[in-house]
Peer 1: 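Dropping a structure here in structure tokens format, bear with me for questions.
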Amino acid sequence: MSNMEKPDWLEEAWQATIDKVSRTSQRIGAGFPHASPNGTYVLEHPFWWTAGFWPGLLWLLYEGSNDERFRSIAEQCEERLDEVLDGYDRLDHDLGFMWTLTSIASYKLAGGGEQSKRRALKAANYLAARFNIKGRYIRAWNPWFEGENNAGLAIIDCAMNTPLLYWASRVSGDPRYGHIAEAHMDTVLERFIRPDGSVYHIISFDPDTGAFVEGLGGQGYAPESAWSRGTAWALYGLTLSYHHTGKQKYLDAAKRVAHFFLSQLPDDHVPHWDFRLPPEVTKYRDSSAGACAASGLLLLAEKVGPLQSQAYREPAIRILESLYRNYCAWSDPSEEGLILQGTSHYPENKNIDVPLIYGDFFFVEGLARLRGANTSFWE
Ligand code: GLY
């Protein structure tokens, strides 16, 4: 973490977050919140891809406060996920989000020990097994309905799942996991990132031959639009791949995506859910994309030289300050979400303009990064 000056609102935002989560965690406990459509977080089944964000957020607060209540709930969440590891056939590529923010967090921050290490390695094995060697991509989902064949789909979100593989190579001493992560990220460079730094959400391949088929709109408005959270996943995931491999091509691409993302922000620095919308479509914000990009930009600022660093750190701070001042419901004790106005899935009309747990997580991670904390789950 750089020793540059910290913003004057930072400690106030951190304390407000601690106070609020001390309260909300009493109800949520070791549950798995996703979205808060009416002020109360809906708790999902632990199989859902978002299961790591709440324990991950609690680990961040524990690291910054030493409050054992946060640690205890995070550990209970990790234990609850054992049921999911045993039912592995229901797991998809989001294993990375789930075990990076639970078992790796516990292993790194709190001496989670051999059991946490084993859990995360098991998850890494399942993730590695999703690699399609012909297409050089990690398969995204399992069939959503009987008979569906989606073995050829890969999505940009998976850039954030590759840190689990880099970690597994490091702790096991076996480079195969990292080779798979790099092969997938090379496919991201080749197929997902457009020359202008915008990204596709989904790329479809022929799973038998590995041939490229087409780009799909997915959670964005259209195939050629620019889904803002997907852009944030790419920005952060490429920066992490540079961190783990030292390969310049990932840093160059992360910067290209960052420049596109920053060029599209509205006056209050918090992105719309897609950067390319026709006039008739409502430009809801997606605060989660802003929070994720801000935390990724802070890491990117550490990876470039001192002359370039402020170009990423300053906009990250502007995004986080706007989230803190304009998007948090500090004065409404009945709202459990930290940051308002996230958009989960506009095309399916799901969880629009609501707090989302991943938005809350990356907001807290951004604050923790600014405070100079150990936020090294992904690193
Ligand atoms: N597909 C995960 C997300 O909503 O970003």
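Numbers for residues simply follow the sequence, beginning at 1. In each ligand, atom 1 is the first atom listed, and ligand 1 is the first ligand listed.
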Peer 1: Got a sec, which pairs hit ring pair (Phe, Tyr, Trp, His ring centres under 6.0 Å) with one end in residues 181-202, sequence neighbours left out?
Peer 2: H201-W227

Peer 1: Pick out the protein N or O atoms lying less than 3.5 Å from any N or O of ligand 1, and list each pair with its distance.
Peer 2:
residue  : atom  : partner : partner atom : Å
ligand 1 : 1 (N) : D157    : OD2          : 2.7
ligand 1 : 1 (N) : Q219    : OE1          : 2.8
ligand 1 : 4 (O) : Q219    : NE2          : 2.8
ligand 1 : 4 (O) : R229    : NH2          : 2.6
ligand 1 : 5 (O) : D157    : OD2          : 3.4
ligand 1 : 5 (O) : R229    : NE           : 2.8
ligand 1 : 5 (O) : R229    : NH2          : 3.3
ligand 1 : 5 (O) : W233    : NE1          : 3.0

Peer 1: Between H34 and F53, is the ring centre distance below 6.0 Å?
Peer 2: no

Peer 1: Under a 3.5 Å threshold, yes or no: a donor from one side chain and an acceptor from the other, between H272 and R285?
Peer 2: yes

Peer 1: Check side-chain hydrogen bond (donor to acceptor under 3.5 Å, both in side chains) between K303 and all other residues, then give those that pass, not counting sequence neighbours.
Peer 2: H243

Peer 1: Could you check whether the rings of Y137 and F205 sit parallel, tilted or perpendicular, using 30° and 60° as the cut-offs?
Peer 2: parallel

Peer 1: Tell me the ring pair (Phe, Tyr, Trp, His ring centres under 6.0 Å) pairs involving residues 286-318, sequence neighbours left out?
Peer 2: H259-Y312

